[in-house]
Every structure is written in structure tokens, then in C-alpha cells.
Amino acid sequence: MKVSQKLYISQKECFTAIINSVIYDIKQSTGKTKQVRQLQGFSYQRTMSNGMRTTTTISEVVPDEVYQFTTETLSNTHITTYTITATSENTCEATYTEKIEAEKAMRKVNNAIVGFMFGFFRKKRVRNLLKAIEMSVINESKAKKQASKQEVKSED
């Protein structure tokens with residue numbers, strides 16, 4: 001599955017928002033705080049909302065451009081990639097790619113059927129996720145500007 005979305009935030013802002021979320025997830029799952037330079041190759045276990053235990057391995061981190069991770073469950077391996085491309089100084093295109101691999105033939109058939117049946121809803125969920133990233137950056141920027149204005153007023 002592949003979803004691309006134009007976002008009205010910079011490439012750097014988009015990447016930073018994704019990585020901050022990853023660092024938060026690692027902290028929640030392991031209690032460890034990681035820096036961006038420490039992420040590539042890092043693996044950790046987490047419990048999904050449905051109770052399933054997974055192993056997530058961060059396979060590629062190219063600052064401001066690519067974030068890729070692999071999530072392994074008992075039956076599938078999900079390879080997820082975020083690719084962020086600058087389209088101008090203040091806009092970018094974020095591309096979310098997800099590939100699901102399975103070893104057993106029956107699981108492959110099941111994945112194909114489920115992917116076909118629920119593909120539209122999953123793409124919509126990803127588009128909403130990308131828009132939520134955009135809105136969080138915009139709202140954070142507004143809050144910083146507001147705080148800065150308040151600080152200037154209090155100094156006068």
C-alpha cells in the first residue's frame with residue numbers, strides 16, 4: 001500500500017514530528033530515551049492495542065528524508081517507510097509505504113483478501129495520520145509564536 005500526501009509544513013518539520021513520535025513510543029515501550037543518531041538498527045518490543053506483542057526494528061533513518069521500520073508479529077512482517085520530499089521551502093510530500101510479508105501460503109491469501117477489502121479504509125487512516133502530523137506542527141508553531149508575543153508584551 002502506498003499513500004502520498006502534500007503537506008503544508010517543511011520537510012524538516014514533518015520528519016521531526018515523525019521521529020519525535022518514534023522516540024516517544026520507544027520511551028513508553030522500553031523506558032529508554034534515544035537520540036535520532038541511535039535509532040537505526042534499534043529493536044524493541046511493544047504491545048499493540050489488540051494485546052499482540054510485536055518486535056519493531058528501525059531499519060533506516062536518513063535525517064529529513066526517510067524513516068523505515070519493520071514490525072514482526074507471529075504471522076506477518078510489516079515493512080513501513082515514510083519518505084519525505086521537499087516541494088518548496090514550506091511544503092513537502094510525505095509518502096507512506098507499507099508492505100506485508102508472510103511465510104505461509106494461507107496467510108498470504110488472507111492478507112491479500114483483507115488488503116483488498118479494507119484497503120480504502122487503511123489508506124484513509126494513513127491520510128488522516130499524515131494530516132494530523134501536519135496539524136500538530138502548525139499548532140505547535142502557532143503556540144510558540146503566541147508564547148513569544150506574550151513574552152515580548154511582559155517585557156514592555
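Quick caveat: nothing in here was measured; it's all calculated off a predicted structure.
With E13 as the partner, the side-chain contact (heavy atoms from CB on, under 4.5 Å) test is satisfied by one option alone out of V137, D64, I138: V137.
For the pair K6 and E93, the minimum side-chain heavy-atom distance is 4.5 Å or more. By the 4.5 Å heavy-atom criterion applied to side chains, T71 and T77 are not counted as neighbours.
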Go through M1 and Y96 one step at a time and tell me if the side chain to side chain contact (heavy atoms under 4.5 Å, CB included) criterion holds. CA-CA 8 Å; M1 175 178 73; Y96 173 98; 3.6 Å; yes
Could you walk me through whether R46 and T56 satisfy the side chain to side chain contact (heavy atoms under 4.5 Å, CB included) test, starting with their C-alpha distance in whole Å, then the side-chain angles of each, then the deciding distance to 0.1 Å, before giving a yes or no? CA-CA 8 Å; R46 59 190 279 213; T56 299; 3.8 Å; yes
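Put simply, the side chain of E65 never gets that close to the backbone of V62: no donor and acceptor are under 3.5 Å apart. Formation of a donor-acceptor pair under 3.5 Å by the T57 side chain with backbone atoms of S59 is not found in this model. Listed for the S29 side chain is no donor-acceptor partner under 3.5 Å among the backbone atoms of I26. The backbone N or O of T91 lies less than 3.5 Å from a partner atom in the side chain of T87, making a donor-acceptor pair. For N139 (side chain) and M135 (main-chain N/O), a donor-acceptor pair under 3.5 Å exists by modelled atom type. At distances below 3.5 Å, not a single donor-acceptor pair connects side-chain atoms of Q68 with backbone N or O atoms of T80.
Annotation: the span from T81 atom OG1 to I79 atom CD1 amounts to 7.5 Å, rounded to 0.5 Å. Once rounded to the nearest 0.5 Å, the distance linking CG of L74 with CZ of R53 reads 11.0 Å. To the nearest 0.5 Å, atom CD1 of residue I9 and atom CD1 of residue I84 are 8.5 Å apart. How far CD of Q5 is from NZ of K123: 12.5 Å, rounded to the nearest 0.5 Å. Interatomic distance, I133 CD1 to S21 OG, rounded to the nearest 0.5 Å: 7.5 Å.
The aromatic rings of Y67 and Y82 lie parallel to each other, with less than 30° between the two planes, well short of the 60° mark.
Inspection of the T83 and T95 side chains reveals no N or O donor paired with an N or O acceptor under 3.5 Å.
With hydrophobic clusters built from ILVMFWY side chains whose heavy atoms lie under 4.5 angstrom apart, V66 does not share a cluster with F42.
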